[in-house]
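Reviewing the structure listed below.
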Amino acid sequence: MDAEAEAAGTAERSEDEPEPGDVRLRAAVAAWVDAADGDEKPSKGDEPSKDEEPSKAEAKDEAEGKTEAEGEGGRAAEADAKADAEAKPTADAKAGREAQAEADTAADSDSDADSGADGDTGADSASASETGSDLRGIDQPTAVFKAVTPPKKVDQPTTALKLPPQDKPADGDQAEPGQEKAGQDKQSKRDEPESAVERTSTFVPLRSDDVRPAASTTAPAPAETDTDTASTTSSTPTPAPTPSAPSATPSWAAAERTRQQPLPPKPPLDLLAELTNTPPPPETPVRTAVRRVKIWTPLVLLLLIIFAIVQVMRPLPEPALKLTAKPTYAFEGGDTKLSWPGQGQSAVMVDGVGSLGSEGAQKSAPIASVAKVMTAYVILKEHPLKGDEQGETITADQKAEDESKNADESVAPLKNGQKLSQRQMLQLLMIPSGNNAARLLARWDAGSEDAFVDKMNDAAKDLGMTDSTYTDPSGLDKATVSTATDQLKLAQAVMKNDVFRTIVDMPEVEIEGIDGKIYNNNTLLLQPGVSGIKTGSSTPAGGNLLWSANTKVDGKVLWIYGAVMGQQAGTGRVYDSLSLSLTNSLKLIKDAQQAVTSATVVKKGDVVGYVDNGFGAQTPVVATKDLKAVGWPGLEVELKVTDNGKGIGHEAKAGSEVGMVTVGTGTGKVTAPVVLQDNLTEPAFGDKLTRIG
């Protein structure tokens, strides 16, 4: 202000060349006028003279321009700092503090300038108006003007958001000079690059299908304020711009949603090239082969490892005992020759060994009283007896007494009401061959003869007697037929009963209540080794005999069964035909007894088989004793090895018993234990790995 006043005084002296005291007075008046315009208008008495108006007006304009410029600059800086602080509530703390310091400094400078100017000019004008003399060198009171107190600053969040740029006012809207200059200052400040304090990270969201509202790019124009109230409004916080309403869905959102398509998978080499930022090597046959080897080799190795684990963990097969010796053994000496009757049909067998042969056509033929063997078999099956038991009591009826008087058939002396035991009734059935005793047993067991006959046929079916049919319990009916081989099946079954075997071996018997002895019609029972079974004779049947004999081989008793049927003496007498059957049967019995022999089939220490561990390894097994088989010349017996029923372990030491060797079948078979010749070891790893089955 002093420089401007001095310049104004120099210009005035150049025209009128006034005194130096006038210059100072005019400058003081101009400063006083300038200060008075900011507070109140001057009174009429204080108006300057017409001579001083040009110089006063000129000084006033210069002072007013400078003061207004400085005031507007300070207020613009303060308003700009406040706007930045309010628009950036999340800016960095340091940026906020610097903005605050700048605003305070601007405000303080404005206040100091106004107060200094007003104070100096006021003192000078007061001194001049009162004394009109030179007041230099005298202290005067200083005028103090209270500066506007800036609003208290509040710490804001460190993150600052920049306000969008505001549109310039339209041509028709004219802003005041102060506002226009402040707006230009703000615009120039926005155009400047961000400082390190103002710079913040920018979050760029990925585009999604959700429609995002478009940010408003325009801000409301600043409200026009009066020059006098600019300082007051600059301290008021400027509200943040209100975001505009969401705009309509942009076209790219819907279009992009329809255009998105899954990309085809890229080759492995291209993907690897993208990850490593290395272009894939050119394709060559060698490179392709190497790549395939690299890809398939781990897979193959993995499969091999899995296969090996599965092979090793699989359950081991059970070791099996197998025969290495010949499955059959043939007795030496050629074929056995027996004395066959030459008529009818005959068959001979050794129990448990096999058949010695047969003669004649095995066709169904009447068997006469031989049918009583089946009757006894059914009675003992329905009412079994053991040892010396007598069994149940059976009472003879009137029909049994009446039938005992028939002269054309063999009968037992029975009376009505007579009580006999089951054993006694079986003796009357088999020894004198009483037909009335057979019918009485049938009625006692089944209630009727027909019902009992059904049981007889069922038993024959169970025994495999396919060519046998029973129509009555006694066999007197010629419709009761069978074959020699079928009767041997029945003989094997019934001779297992001790009570029956004892009865049929009796040449005679005495029964309480019956006078005298009862004799057996089978006279062969007196021959050595002959033990039954039953005779039968009739005109249609001729002479028949189902017999049994025994012999000893190596201290063991063997049973020989034979049947001779259809023997006709040609004399017309039934008794002669029965005698012929007995004679022919005796020849067969003697030949069979002589033919049966024994032979050593297996010797101790012979390798008869081996243990197969399931992987091809074979451990030999040997017999622990000699085995002699029973047979006759030309007979073939069967050999087999079996385990002991407990299974064979995967490991065993030499000498461990692992099974049995058997020679023959039935009651004539012989057995011996077999043991390992060498150690039985568990399969090796290679065997487990390479097995297929």
Side-chain angles (χ1 to χ4, degrees), residues 206-209 257 259-327 605-624 639-662 672-693:
L206 297 178
R207 178 178 295 177
S208 65
D209 290 342
R257 186 175 301 153
R259 287 197 302 268
Q260 290 179 348
Q261 298 294 333
L263 297 177
K266 294 184 178 180
L269 289 180
D270 293 345
L271 294 177
L272 182 61
E274 290 183 1
L275 294 176
T276 60
N277 198 21
T278 303
E283 289 289 339
T284 62
V286 176
R287 193 180 302 278
T288 301
V290 171
R291 185 174 67 252
R292 290 178 180 176
V293 170
K294 290 181 179 179
I295 293 174
W296 287 104
T297 298
L299 296 177
V300 172
L301 291 177
L302 179 61
L303 291 177
L304 290 177
I305 293 173
I306 295 174
F307 176 77
I309 294 174
V310 172
Q311 287 289 84
V312 173
M313 298 301 295
R314 282 175 58 190
L316 296 177
E318 293 294 332
L321 186 60
K322 298 183 179 180
L323 180 70
T324 57
K326 293 182 179 180
D606 287 349
V607 176
V608 295
Y610 62 87
V611 175
D612 187 352
N613 65 353
F615 294 88
Q618 299 176 352
T619 305
V621 294
V622 296
T624 57
L639 277 78
K640 60 182 179 180
V641 290
T642 57
D643 57 26
N644 51 19
K646 300 179 181 179
I648 303 174
H650 297 287
E651 291 182 304
K653 294 183 179 180
S656 301
E657 183 178 336
V658 293
M660 305 289 291
V661 57
T662 304
V674 294
V675 297
L676 292 171
Q677 189 179 46
D678 301 321
N679 292 333
L680 179 62
T681 58
E682 188 175 350
F685 177 79
D687 296 334
K688 296 178 182 178
L689 190 63
T690 57
R691 60 174 167 165
I692 298 176

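Predicted, not measured: the structure shown is a model, and the values here were computed from it.
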* Would you check, one step at a time, whether the test side chain to side chain contact (heavy atoms under 4.5 Å, CB included) holds for Val674 with Val658? => CA-CA 6 Å; Val674 294; Val658 293; 4.3 Å; yes

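- To the nearest 0.5 angstrom, Thr324 atom OG1 is 9.0 Å from Gln618 atom CD.
- Between atom CG of residue Leu323 and atom CG of residue Leu639 there is a gap of 6.5 Å, rounded to the nearest 0.5 Å.
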What's the verdict on side chain to side chain contact (heavy atoms under 4.5 Å, CB included) for Lys653 and Asn679, showing C-alpha distance, side-chain angles and the deciding distance?
CA-CA 4 Å; Lys653 294 183 179 180; Asn679 292 333; 3.9 Å; yes

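- Taking CG from Asp606 and OG1 from Thr624, the interatomic distance works out to 11.5 Å, rounded to the nearest 0.5 Å.
- The two atoms that bring Pro319 and Gly649 nearest to each other are CG-O, 3.5 Å, heavy atoms only.
- Counting all heavy atoms, side chain and backbone alike, Asp678 lies closest to Pro620 at OD2-CD, 3.9 Å.
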### Task
Give the C-alpha distance, both sets of side-chain angles, the deciding distance and a yes or no for side chain to side chain contact (heavy atoms under 4.5 Å, CB included) between Val641 and Val621.
CA-CA 10 Å; Val641 290; Val621 294; 5.6 Å; no

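- Remark: Leu321 CG to Met660 CE distance equals 11.5 Å, nearest 0.5 Å.
- How far CG of Leu302 is from OG1 of Thr297: 12.5 Å, rounded to the nearest 0.5 Å.
- Rounded to the nearest 0.5 Å, atoms CD1 (Ile648) and CG (Asn613) are 11.0 Å apart.
- The two residues Ala654 and Gln677 have their closest heavy-atom pair at CB-O, 3.7 Å.
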